[in-house]
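Step one of this worksheet: look at the structure below.
Every chain is numbered from 1, with letters handed out A, B, ... down the list of sequences. Values in this document were obtained by computation on a predicted structure and should not be read as measured data.
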Number of protein chains: 2
Amino acid sequence: MPDETEQRLLEAAGRVFADFGFKAATVRKILEEAGIKNIAAVNYYFGDKERLYEATLRFAFQCGLSQMPNPQWPAGYSPECKLREYIRLLAQHMLNQKHPWQMQLLLREFAQPSEAGAGVVRDFILPLNRLLWSILHEAIGPDVDERKLHLIGFSIIGQIFHQKIGAPVIRLVVGENEHDGYTAEVLAEHVADFSLKALGLTAPKEVHS
Amino acid sequence: MPDETEQRLLEAAGRVFADFGFKAATVRKILEEAGIKNIAAVNYYFGDKERLYEATLRFAFQCGLSQMPNPQWPAGYSPECKLREYIRLLAQHMLNQKHPWQMQLLLREFAQPSEAGAGVVRDFILPLNRLLWSILHEAIGPDVDERKLHLIGFSIIGQIFHQKIGAPVIRLVVGENEHDGYTAEVLAEHVADFSLKALGLTAPKEVHS
DNA sequence: CTTGACATAAAACATCCGTTTGCTACTATT
DNA sequence: AATAGTAGCAAACGGATGTTTTATGTCAAG
């Protein structure tokens, strides 16, 4: 089956690239991970290693990340609820990812965008920010400096990203025991509480706790 | 001069390791960067590439990061001011670093701790967190869940780390023009305002803006 | 049945990388 | 002056890696 091997190649490449980075990931390791004995498969299907990487990036984007929120809320939905839900969606999407390598790969490009990934990352990050900005705009009011709006957005996203990117170190700092309790739901609720209060918004659903 | 070359080797290794990561950084590239023609210098002074990496990590830590705050405030200093100052110190230290590769190297270990760097990173991150926790403890009161305290700390640190780690993407998102205005002072003030309000603390120095 | 395109397999190639080795120059000690 | 230790240098080695080439199998169209 022709395209089946190509698919396995992409998934295996995703895992290996995510684990080791572009340079440290070897073609032979990817092939072994994919269970393919044909050493020339990468060059046969993708030309060379670099184009395999680009394809893997695009694959990770289409497969797991373009399905992100873009939720359609009913008219009259309060901005507070929208914001809380946005945070919950983002946290769940980043932390409960079924295929962890997809997010790992994107985070690699996030910290050090390669030429290949700059466009892809921007296509993923920018809409995420635009949506958040529109919510914030609605929540705070129209008379806010645009730069302030951006900074608030980064403050919110930064809290979530930090929990994802820094997870290994955070685990060391608080101990495995406590860190196991850092589920997406717990983190989302904390970030939402923290951020909503920072914006001076009444926090809905704060009955419990 | 013997130790001079060793020093140049360490600094060059720092830059190259920070730029390319451990695997992609080659010994020959480091030597070229250091202006050393002796190909065996790395092995001569450090044994092998890996021990050079460890030494570089330790060097980066001692040279630029152990000088971080640990400030001694006068008695009676309000927790609000302490917190605001802590944020400003951390932001300045992370963003205004004279030798960018030091922070870059640490951030690499932050996202993907190697065996060599786990201890070093923890020695750098943990005291930072302990100090912040003590401030928060003082600011909020003794009757706060410890886990909540940790989460608040990560929310604050996460905002700053995100601005550092994600700088390339953030620059793409908001444009170079606006991003050039994201100085350490501006970011610190925003993060402090945001976080202090989230904690329900009165924000000092908020007269301007 | 033959042909030709496609997929797999395995060997081979050229390059790069970390490391080792042998050598030379210099310096301080005896 | 002779010796030992240190530092720099360049060639070379062994191994890994990306890629190319050649050979083999598969299968549908003519």
**Request:** Nearest whole angstrom, please: distance from the P of C:dA25 to the NZ of B:Lys37.
**Result:** 16 Å
**Request:** Specify the separation, in whole Å, of atom CD of B:Glu32 and atom C1' of C:dC16.
**Result:** 14 Å
**For A:Asp145, all residues meeting side-chain hydrogen bond (donor to acceptor under 3.5 Å, both in side chains), sequence neighbours excluded** = none
**Prompt:** Just how far, in rounded Å, is P of D:dA11 from CG of B:Asn38?
**Reply:** 13 Å
**Asked** Between B:Leu9 (CG) and D:dC9 (P), how many Å, whole number?
**Response** 12 Å
**Prompt:** Who passes side-chain hydrogen bond (donor to acceptor under 3.5 Å, both in side chains) against B:Gln159, sequence neighbours left out?
**Reply:** A:Ser155, B:Ser195
**Item:** Residues which pass side-chain hydrogen bond (donor to acceptor under 3.5 Å, both in side chains) with B:Gln112, listed by chain and number, not counting sequence neighbours
**Value:** A:Arg108
**Prompt:** In chain order, what residues pass the salt bridge (Lys or Arg N to Asp or Glu O under 4.0 Å) check against B:Arg51, with sequence neighbours excluded?
**Reply:** B:Asp48
**Request:** To the nearest Å, give me how far apart OH (B:Tyr53) and P (C:dG18) are.
**Result:** 14 Å
**Request:** Could you note down all residue pairs passing side chain to side chain donor-acceptor pair (under 3.5 Å) where residues 19-43 of chain B supplies at least one of them, sequence neighbours left out?
**Result:** B:Arg15-B:Glu33
**Prompt:** With no hydrogens and no angle check, do the side chains of B:Tyr53 and B:Ser114 hold a donor and an acceptor under 3.5 Å apart?
**Reply:** no
**Prompt:** OP1 or OP2 of C:dT8 sitting under 4.0 Å from any side-chain N/O of A:Tyr45?
**Reply:** yes
**Asked** Would you say a side-chain N or O of B:Thr5 is under 4.0 Å from OP1 or OP2 of D:dG8?
**Response** yes
**Prompt:** Would you say a side-chain N or O of B:Tyr44 is under 4.0 Å from OP1 or OP2 of D:dA7?
**Reply:** yes
**Request:** Starting at the 5' end of nucleotides 17-28 of chain D, put B wherever the base has a protein heavy atom under 4.0 Å, S where only the sugar-phosphate does, and a dash everywhere else.
**Result:** BBBBB-------
**Item:** Atom-to-atom span, CZ of B:Arg51 to P of C:dG18 - whole angstrom
**Value:** 15 Å
